[in-house]
K.L.:
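Below you will find the structure I want to go over with you.
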There are 2 protein chains.
Amino acid sequence: MGVTRPVPLGSLHLTHLVVILSDDSSTFRPNPNSIPGAVVSRLSLYLRELQHLIADGKETTSSSQLGRRLGFTDAQVRKDLAHFGHFGHPGIGYRCDELITAIRKILGTDREWQVALVGVGNLGRALLGYRGFAQQGFRLVVAFDTDEEKVGTRIEGVEVCHLSRLGEVLLEKQIELGMVAVPAVDAQEVTDELVKSGVSGIVNFAPVTLKVPEGVSMVGVDLARELEQVTFTVANKLANPD
Amino acid sequence: MGVTRPVPLGSLHLTHLVVILSDDSSTFRPNPNSIPGAVVSRLSLYLRELQHLIADGKETTSSSQLGRRLGFTDAQVRKDLAHFGHFGHPGIGYRCDELITAIRKILGTDREWQVALVGVGNLGRALLGYRGFAQQGFRLVVAFDTDEEKVGTRIEGVEVCHLSRLGEVLLEKQIELGMVAVPAVDAQEVTDELVKSGVSGIVNFAPVTLKVPEGVSMVGVDLARELEQVTFTVANKLANPD
DNA sequence: GATTGTGAAAGTGTTCACAGCG
DNA sequence: CGCTGTGAACACTTTCACAATC
């Protein structure tokens, strides 16, 4: 990002110099490693809430309104957004549409992403039918399974191919993201295949920790784990009711 | 937890005095509010990994082995567990079965939990068929929907009742946990019903932030959000490849 | 020799509080 | 006047490093 060259007079106190030099003039893109995962995760929530606000006919909002609706402080909302630029208007707040555009750009969902699903079992089928993906710009274009009954059919309009054709099809369809919904024992093998085929991000629904090389990003969703988070609180609240 | 009364001689350096006074002599149960959510979330991962280790025939493990497999440091593993008691054996490590028992007790999954599902759409059906719940002690006993086609049938062996019977059925079946898999617009209403019917914990799959009263615990799972976490990293890695 | 449990140090993330701006 | 953006204070979390233990 060649920003370290000598800077003329006066510019010395610019904190976000790269905004000016970069050809993408509207959004500051810091090294993702320097952004806490929790911030990114909240960004998704802000986006979701802004979409609800727009649906309710609101034009603008404020850090305190956004925070209140999500259970965060106003300062947190502002600090989170400040990682990426200046999106607010002092005295006014944030214009919902503006902020939505900005957050989508940050999250990378200002364009469509082609997604493949591996594993058309119970969960896989549900993922194929889930409307929420399309709404956020994710296009589930193909699914894979080894079950000959399923291979060749279309489920929810999505073609099911044999797992053995994974590499070939992913390349042909230019797929960048994968979702793994196979049994735990098969998940690592499938993941290795996805990585070999050039996928750059994976969401894993199998209850195992998967190894991926540097440069491939990976998020795990474990349904039983979510329930355990709840039972912990419930069990301990019962044992310890203030 | 009346521990503040005068303590005789010698006991002054006991950190976990409550262990001795409590009638549950094996596990320290601190106020859940004092345990960071991140710790609890890792506890689930430790449990999962220990189960894999047992399946591989390992009798014992160590904080460094456990950490390495999950991408944490050994110190983190030890510190996390230290919140709840002394489960390890210096020089040896942790006995897998022992630690599994201890973590289940902490998470509250040392017993079965009766779970109800509301919303038998795509996702709901997948949840009904998901084996992972039973494996961790969650029993999905009943589902609710408003679709007359589904009401009265059994899906994956689970009875589907009409939503209007929610209160009655939950009480009768002594249900403690609910999973919400209805469209976003209906989620708050359904949640209010669950709470009114005495459910103490909820996992919400609708992309909205739900309000629940103090004392009801709530976890949200938003599938599009998970994908957004991945695209953020991918998009920014592409823009910023070190 | 290996490994835990834990204070102390280092590192991160959150909240406060207010200057500056519309 | 209301609200943002932000340095500084605070709180929390992780890592280090080592005495204690088997």
Side-chain angles (χ1 to χ4, degrees), chain A residues 13-16 19 27-28 30-43 45-46 50 53 58-96 98-99 102-103 106, chain B residues 12-17 19 27-28 30-43 45-46 50 53 58-96 98-99 102-103 106:
Chain A
H13 290 96
L14 278 174
T15 40
H16 290 350
V19 171
T27 308
F28 178 49
N31 187 318
N33 303 316
S34 69
I35 303 292
V39 172
V40 182
S41 148
R42 285 192 297 263
L43 236 38
L45 291 177
Y46 300 152
L50 286 161
L53 284 164
K58 314 278 186 211
E59 292 258 307
T60 66
T61 184
S62 64
S63 57
S64 49
Q65 179 175 51
L66 219 38
R68 186 162 8 88
R69 296 179 62 136
L70 292 164
F72 308 135
T73 65
D74 55 340
Q76 173 117 75
V77 175
R78 295 197 299 276
K79 256 283 171 15
D80 283 347
L81 296 173
H83 278 104
F84 305 97
H86 300 212
F87 306 114
H89 305 281
I92 308 294
Y94 301 88
R95 294 200 42 190
C96 297
E98 244 175 60
L99 191 51
I103 295 180
I106 296 164
Chain B
L12 291 166
H13 290 96
L14 278 175
T15 40
H16 290 348
L17 185 54
V19 172
T27 307
F28 178 50
N31 188 317
N33 304 315
S34 69
I35 303 293
V39 172
V40 182
S41 146
R42 285 191 297 264
L43 235 39
L45 291 178
Y46 300 151
L50 286 161
L53 283 164
K58 313 279 186 213
E59 291 258 308
T60 66
T61 184
S62 64
S63 56
S64 49
Q65 180 177 48
L66 218 38
R68 188 163 5 90
R69 295 178 62 137
L70 292 164
F72 308 136
T73 65
D74 55 339
Q76 174 121 72
V77 175
R78 294 197 299 276
K79 257 283 174 6
D80 283 348
L81 295 174
H83 277 103
F84 305 97
H86 300 213
F87 308 113
H89 305 281
I92 308 294
Y94 301 88
R95 293 198 43 189
C96 296
E98 244 175 61
L99 191 50
I103 295 180
I106 296 164

K.L.:
To the nearest Å, give me how far apart CZ (A/F84) and C1' (D/dT6) are.
P.N.:
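Rounded to whole Å, this separation is 16 Å.
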
K.L.:
Closest to the B/P90 side chain: C/dC16, C/dC21, D/dA20?
P.N.:
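Of all the options, the side chain of B/P90 is nearest to D/dA20.
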
K.L.:
Is there a donor and acceptor pair closer than 3.5 Å between the side chain of B/K79 and the base of D/dT15?
P.N.:
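Present.
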
K.L.:
Calculate the interatomic distance between A/D74 atom CG and C/dT14 atom C1'; express it in whole Å.
P.N.:
12 Å

K.L.:
Taking NE2 from A/H89 and P from C/dG22, how many angstroms apart are they, rounded to a whole number?
P.N.:
11 Å

K.L.:
Can you tell me if A/Q76 touches the phosphate of C/dT15, counting only side-chain N or O atoms and a distance under 4.0 Å to OP1 or OP2?
P.N.:
yes

K.L.:
Quick check on C/dT4: is either OP1 or OP2 less than 4.0 Å from any side-chain nitrogen or oxygen of B/R78?
P.N.:
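B/R78 to C/dT4 OP1/OP2: side-chain N or O found under 4.0 Å.
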
K.L.:
In whole Å, I'd like the distance from the CG atom of B/L81 to the P atom of C/dT4.
P.N.:
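The answer, rounded to whole Å, is 10 Å.
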
K.L.:
Base, sugar-phosphate alone, or nothing: which one does A/S63 contact when heavy atoms must sit under 4.0 Å apart?
P.N.:
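If one applies the 4.0 Å heavy-atom cut-off, A/S63 turns out to touch the sugar-phosphate alone, with no base involved.
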
K.L.:
For a 4.5 angstrom cut-off between non-hydrogen side-chain atoms, does B/L45 reach B/F72?
P.N.:
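They are in side-chain contact.
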
K.L.:
Which of the following nucleotides, D/dT4, C/dT14, D/dT15, is nearest to the side chain of A/S62?
P.N.:
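Out of D/dT4, C/dT14, D/dT15, the nucleotide with an atom closest to A/S62's side chain is D/dT4.
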
K.L.:
D/dT14, OP1 or OP2 - any side-chain N/O from B/R42 closer than 4.0 Å?
P.N.:
yes

K.L.:
Report the distance from atom CG of A/L66 to atom P of D/dC3, rounded to the nearest whole Å.
P.N.:
13 Å

K.L.:
Given D/dT4, D/dT13, C/dG5, which nucleotide is nearest the side-chain atoms of B/P36?
P.N.:
D/dT13

K.L.:
Just to be sure I understand the rule, does B/Y94 reach a base, reach only the sugar-phosphate, or reach nothing, if contact means heavy atoms closer than 4.0 Å?
P.N.:
sugar-phosphate

K.L.:
To the nearest Å, how far apart are A/F72 CZ and C/dT14 P?
P.N.:
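So the two atoms are 9 Å apart, to the nearest Å.
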
K.L.:
Provide, to the nearest angstrom, the distance between the CG atom belonging to B/D80 and the P atom belonging to C/dT4.
P.N.:
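For the pair B/D80 CG and C/dT4 P, the rounded distance is 13 Å.
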
K.L.:
Run the side-chain contact (heavy atoms from CB on, under 4.5 Å) test on A/L99 and A/Y46 for me, step by step, so that the C-alpha distance in whole Å, both residues' side-chain angles and the decisive distance to 0.1 Å come before the verdict.
P.N.:
CA-CA 9 Å; A/L99 191 51; A/Y46 300 152; 5.8 Å; no

K.L.:
What is the distance from atom CD1 of B/I106 to atom CG of B/L81, rounded to the nearest 0.5 Å?
P.N.:
7.0 Å

K.L.:
Under a 4.5 Å cut-off applied to non-hydrogen side-chain atoms, are B/I103 and B/F87 in contact?
P.N.:
no

K.L.:
Verify the contact: side-chain N or O of A/H86 to OP1 or OP2 of D/dT6, cut-off strictly under 4.0 Å; return yes or no.
P.N.:
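Answer yes for this pair, as a side-chain N or O of A/H86 is under 4.0 Å from OP1 or OP2.
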
K.L.:
Is there a side-chain contact between B/L53 and B/R69, using heavy atoms and a 4.5 Å cut-off?
P.N.:
yes

K.L.:
Atom CZ of B/R95 to atom P of C/dT4: distance rounded to whole Å?
P.N.:
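Atom CZ in B/R95 sits about 15 Å away from atom P in C/dT4.
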
